[in-house]
Protein chains: 2
Amino acid sequence: MGRNLSFDEKKVLSAITDTFRQKGYEATSIKDIEKATGLTSGSLYNSFGGKEALFDAALSHYNDYVVRHRISIYLDKTEDPLQGLKDLFHSLLKEPDGLSNGCLLTNTAVEFNNRLRHITQDLDTGFSLLEAGFKRQIEKCSTTGQIPKHSSPQQASIRLLILYQGILVFVRAGLRINEIELTLDQEIETIIRGDIS
Amino acid sequence: MGRNLSFDEKKVLSAITDTFRQKGYEATSIKDIEKATGLTSGSLYNSFGGKEALFDAALSHYNDYVVRHRISIYLDKTEDPLQGLKDLFHSLLKEPDGLSNGCLLTNTAVEFNNRLRHITQDLDTGFSLLEAGFKRQIEKCSTTGQIPKHSSPQQASIRLLILYQGILVFVRAGLRINEIELTLDQEIETIIRGDIS
DNA sequence: ATTGTTTTAAAATGAATATTACAAAATGAT
DNA sequence: ATCATTTTGTAATATTCATTTTAAAACAAT
């Protein structure tokens with residue numbers, strides 16, 4: 001009972017997430033979020049709580065939709081597992097419209113500096129999603145025979161995770177994009193091809 | 001002629017830099033900088049200009065002193081070039097007092113999102129310092145015979161740069177520190193040992 | 001239709017912000 | 001010693017910010 005919500009929560013969360021992703025937490029004002037969502041502060045505060053709660057919701061939404069979706073498309077659903085892995089990394093370098101929004105996990109990790117436990121927890125969740133996706137993909141590559149069996153898919157997956165986040169720093173800065181493009185495949189392959197010693 | 005400056009500019013710039021490095025640009029207030037430096041806003045505005053100018057000065061100071069100093073100590077002046085390179089990377093994981101200030105280049109790249117040309121320019125300068133240091137070190141390792149001659153020290157140096165920035169994202173988040181510690185040497189060695197094909 | 005409940009928009013609030021204005025203090029030159 | 005100049009601390013300013021308040025609007029149940 002009572003008045004119905006006037007908005008689609010997933011659409012609104014997506015707009016909020018994009019705003020935080022582009023501008024960061026501190027640089028985003030409630031007014032920015034009002035503009036991005038078309039809602040007024042009354043609705044935002046009533047539905048989500050304050051600015052910090054809005055950010056929490058955005059970060060969770062990012063994990064549940066953006067990160068999972070990318071893993072699903074590029075990794076789990078791909079025909080050629082090695083190529084899918086490479087495509088995922090190369091896609092980081094090709095943001096549409098000359099934007100450099102990067103990754104909300106990267107941006108949040110750097111901005112929040114391990115100050116809020118629940119934020120760090122959400123970051124851990126997101127990083128773990130990527131890490132597990134990488135590990136599955138490495139094992140898939142071994143199974144298909146594209147690469148020799150890796151001595152430690154676990155170690156390789158964290159090395160891919162570091163590479164992933166490192167690239168996103170330069171994406172965000174708008175620097176070294178071409179140079180990274182040129183060396184990316186080689187870096188992926190040397191990580192992936194961890195021969196059994 | 002006129003009244004003398006009451007402070008040591010290098011000391012003050014160092015305090016300003018530490019503050020921005022720890023909290024980021026937006027989250028740092030002029031009052032924070034007053035506390036960190038012991039100066040009042042009158043002096044700060046008279047000597048440096050506004051907040052943006054303070055940040056510019058801090059970023060330049062970071063390049064000229066912190067980055068150069070680290071390269072000098074860990075790379076250029078080291079007896080064992082391979083060990084120096086490894087030590088440099090491991091030092092990222094061992095910030096004193098449980099702090100996670102990370103690197104001002106990383107933090108700024110992520111926060112500023114390529115919006116201010118002169119900031120991006122300073123970032124490019126800092127990244128280039130690291131990149132060139134890495135390249136010299138790789139060549140030194142070849143000369144001493146610690147590693148075989150690399151097919152492309154240039155490519156290897158940018159891969160080290162990505163690794164460096166990627167690690168700093170996790171340092172800042174306070175996540176995966178032990179896991180990175182375990183795999184770091186291996187990652188460095190595989191980048192360094194780019195055999196001539 | 002009335003009641004109770006929730007959502008919404010707009011205005012109000014109060015704190016924090018970057019910056020400026022200004023007068024006193026400190027210095028060197030004359 | 002006076003003057004001109006620069007620095008410094010304090011106070012003032014004006015804006016922006018997150019949040020709260022408030023009343024009207026929209027719904028479901030009775």
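Throughout, a chain's letter reflects where its sequence line sits, starting with A, and its residues are numbered from 1. Small disclaimer: the values here were computed from a predicted structure and weren't measured.
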Earlier contact from the 5' end, DNA chain C, for Lys51(B) and Asn4(A) = Asn4(A)
Atom pair distance, as rounded to whole Å: NZ in Lys35(A) and P in dT16(D) | 11 Å
Whole-Å gap separating P (dA9(C)) and NZ (Lys31(A)) | 15 Å
Think Ser43(B) has a side-chain N or O under 4.0 angstrom from the OP1 or OP2 of dG9(D)?
-> yes
From the list Thr28(A), Leu39(A), Asp32(A), Leu54(A), side chain to side chain contact (heavy atoms under 4.5 Å, CB included) partner of Ile16(A) resolves to Leu54(A)
For Leu44(B) and dT8(D), give me the distance from atom CG to atom P, rounded to whole Å.
-> 9 Å
Side chains of Gln83(B) and Asp87(B), donor plus acceptor under 3.5 Å | yes
Can you figure out which of dA18(C), dG9(D), dT7(D) approaches the side chain of Asn46(B) most closely?
-> dT7(D)
Aromatic rings Phe48(A) and Phe7(A): how do their planes relate, parallel, tilted or perpendicular, breaks at 30° and 60°?
-> parallel
Please tell me which of the listed nucleotides, dA9(C), dT19(D), dA18(C), lies nearest to the side chain of Tyr45(B)?
-> dA18(C)
Contact class for Thr40(B) vs. all strands (heavy atom < 4.0 Å): base, sugar-phosphate, or nothing?
-> base
Over how many whole Å does the gap from Glu34(B) atom CD to dA11(D) atom C1' extend?
-> 12 Å
Round to the nearest Å and state the distance from Ile30(A) atom CD1 to dT20(D) atom C1'.
-> 13 Å
When rounded to the nearest 0.5 angstrom, what is the spacing between CD in Glu34(B) and OG in Ser43(B)?
-> 9.0 Å
Once you round it to whole Å, what is the distance between C1' of dT10(D) and CG of Leu39(B)?
-> 15 Å
Are Lys51(B) and Phe20(B) in a cation-pi setup, meaning NZ or CZ lies under 6.0 angstrom from the ring centre and within 45 degrees of the ring axis?
-> no
Hey, which sits more toward the 5' end of DNA chain D by its nearest nucleotide, Gly42(A) or Tyr25(A)?
-> Tyr25(A)
Please determine, for the side chain of Arg3(B), which listed nucleotide (dT7(D), dA18(C), dA11(C)) has the closest atom?
-> dT7(D)
Quickly work out the Glu52(A) CD to dT19(D) P distance and round it to whole Å.
-> 9 Å
Taking only N and O in the side chain of Ser6(B), is any of them less than 4.0 Å away from OP1 or OP2 of dT8(D)?
-> yes
On DNA chain C, nearest-nucleotide positions of Glu26(B) versus Leu5(A): which is more 5'?
-> Leu5(A)
